[in-house]
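Below, each value reflects all heavy atoms present in this structure, side chains not excepted, and no hydrogens, waters or symmetry copies. The residues of the chain are indexed from 1 along the displayed sequence.
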Amino acid sequence: MIAIQCGTIMTMDTIGNLQGGTILIEGEFIQAVGQDVILPADCQVVDARGLYITPGFIDAHTHLGLEEEIYQVEGDDVNETSEPLTPQLHAVDGVNFQDLAFGDALRGGVTRAMCLPGSANIIGGQGVLLKNLAHRLSDMIYKEPWGLKAALGENPKRVYGRQKKSPITRMANASLLREALYTATRLSEKKEIDPRESFRYQSLLKVIKKEMPLRLHAHRADDILTALRIKDEFDIDMIIEHGTEAPFIAKELVQRQVAVCLGPLLNTRAKVEMKEISFTTAGRLAELGVEFCLITDHPVVPVEHLRVCAALAVRAGLDPEIAMQAITIKPAGMLKVDHELGSITPGKRADLAAFGGHPLDFQARLQWAMVDGLLWRNGHA
């Protein structure tokens, strides 16, 4: 067993922060949290005096290991641009688990990351939720598949317009997505399905049955509204990815209980649909009652800067507690893993990060991280 003692524990649970508390860990799980925890005789003690201990951060939208920074063609496996509908693809099959970015993630306190296909396609494929440290590379897969990536807006138009094939307009974007969902709906009503159709549409059938959400890339308000119309038509679960103009239609999102993976915010106005990008957006969504978490979209923003994004959102008006929730318990809830992750709570997985100052202080350095009870320090487990 491991006991982490004497730090400031930011539990992200109802008990709030504990000064000089103890976290008792056995194997992969947290056994106890408090200020009067009795330690077993053979317990390994980690002195956290002067440190802030947080739950491991969760980045709910990255391309970690799928779009590698130091490679061009060799490490770029994020978009299969041969056709606009590829629901049968799995992001996990393109992930390089030795990507340098996994170490970068840990240096930023990010212990879990959702890896998604890119947004070139109307339907790009299925995501995988990864843990960023494990004894074996194969054990880095935490939940797979998790969600089906789809996209509206400029990216599919640009990619396939260059190829002189559909989609070239926003109308075609929506039509192709509807057609795929309609086909899946009809297939779900059949007693027997052709094996080729079953393989291609398996993920869409899960979306239709609400066994996984549609993770829909949309920046502009009009694209988000199109997404919400399609959600209503097919009665599916949906998460909006990016949501740059989400505050403009906040009531629509709240009414449908649709959450937003907000970001990347630490970025330029890289294209016309991102003209409203601002760190004030997080605070506006919070005030308007929209559920959201913060994301980096790595490698658009390096994954280790997730907490920097949270800190800059605080500088722009977001409440610090909500900012911390937006990189811990909120993404855990949106990814439906809050029973295991997102807070320092007995029974949950031992994912932790220790900083030499408040984690929203730019100057605070990570001292160590822990994933499923495995301690990582200075690049070594």
Check: Between R186 and E189, is a salt bridge (charged side-chain N to carboxylate O under 4.0 Å, His left out) present by the stated rule, with each step listed?
Finding: CA-CA 5 Å; R186 297 287 78 81; E189 296 168 352; 2.7 Å; yes
Margin query: Show, in sequence, the C-alpha distance, side-chain angles and deciding distance for H298 and E67, and conclude whether the side chain to side chain contact (heavy atoms under 4.5 Å, CB included) test is met.
Written below: CA-CA 8 Å; H298 176 92; E67 187 175 6; over 6 Å; no
In terms of side-chain geometry, is the basic nitrogen of [X] or [Y] positioned less than 4.0 Å from the acidic oxygen of its partner?
{"X": "E287", "Y": "R284", "answer": "no"}
{"X": "R215", "Y": "E241", "answer": "yes"}
{"X": "D351", "Y": "R349", "answer": "no"}
{"X": "K131", "Y": "E340", "answer": "no"}
{"X": "K206", "Y": "D237", "answer": "no"}
{"X": "E273", "Y": "R158", "answer": "no"}
{"X": "R229", "Y": "D232", "answer": "no"}

Any side-chain to backbone donor/acceptor pair from [X] onto [Y]? Under 3.5 Å, distance only.
{"X": "K231", "Y": "I236", "answer": "yes"}
{"X": "R315", "Y": "A311", "answer": "no"}
{"X": "Y160", "Y": "E83", "answer": "yes"}
{"X": "W146", "Y": "L335", "answer": "yes"}
{"X": "D99", "Y": "A101", "answer": "yes"}
{"X": "T328", "Y": "M324", "answer": "yes"}

Just so I know, are the side chains of [X] and [Y] near enough to count as touching, which here means a heavy-atom distance under 4.5 Å?
{"X": "F102", "Y": "L130", "value": "yes"}
{"X": "N267", "Y": "V300", "value": "yes"}
{"X": "M238", "Y": "R256", "value": "no"}
{"X": "K330", "Y": "I322", "value": "no"}
{"X": "F97", "Y": "R136", "value": "no"}
{"X": "Q202", "Y": "Q126", "value": "no"}
{"X": "H219", "Y": "K271", "value": "yes"}
{"X": "F292", "Y": "I239", "value": "no"}

Margin query: With clusters defined by side-chain heavy atoms of hydrophobic residues (ILVMFWY) lying less than 4.5 Å apart, directly or transitively, does F234 cluster with L152?
Written below: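 Same cluster: L152 reaches F234 through Ile, Leu, Val, Met, Phe, Trp or Tyr contacts under 4.5 Å.
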Restricting to non-hydrogen atoms, name the atom on [X] and the atom on [Y] that form the minimum distance, rounded to 0.1 Å.
{"X": "V260", "Y": "A246", "result": "CG2-CB, 4.3 Å"}
{"X": "N132", "Y": "A105", "result": "ND2-CB, 3.5 Å"}
{"X": "T62", "Y": "A113", "result": "OG1-CB, 4.0 Å"}
{"X": "P156", "Y": "S119", "result": "CD-O, 3.6 Å"}

Notebook entry, point to check: With I25, which of M370, Q44, Q31 fulfils side-chain contact (heavy atoms from CB on, under 4.5 Å)?
Noted result: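 Result: among M370, Q44, Q31, M370 is the only option passing the side-chain contact (heavy atoms from CB on, under 4.5 Å) with I25.
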Next item on the list: Assess R307 against F57: is NZ or CZ under 6.0 Å from the centre of the six-membered ring, and within 45 degrees of the ring's axis?
Entry: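 Judged by the rule (NZ or CZ under 6.0 Å from the ring centre, within 45° of its axis), R307 is not positioned above F57.
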Notebook entry, point to check: Which is it for D42 and M1 under the side chain to side chain contact (heavy atoms under 4.5 Å, CB included) test, yes or no, and what are the steps along the way?
Noted result: CA-CA 7 Å; D42 59 347; M1 299 183 88; 5.6 Å; no
If I take atom [atom1] from residue [X] and atom [atom2] from residue [Y], how far apart are they, to the nearest 0.5 angstrom?
{"X": "I122", "Y": "L177", "atom1": "CD1", "atom2": "CG", "result": "7.0 Å"}
{"X": "I9", "Y": "I15", "atom1": "CD1", "atom2": "CD1", "result": "7.5 Å"}
{"X": "L262", "Y": "I240", "atom1": "CG", "atom2": "CD1", "result": "12.0 Å"}
{"X": "L129", "Y": "L341", "atom1": "CG", "atom2": "CG", "result": "7.5 Å"}

Exceeds 12 heavy-atom contacts within 6.0 angstrom, atom [atom1] of [X]:
{"X": "K336", "atom1": "NZ", "answer": "no"}
{"X": "E74", "atom1": "CD", "answer": "yes"}
{"X": "Q35", "atom1": "CD", "answer": "yes"}
{"X": "Y182", "atom1": "OH", "answer": "no"}

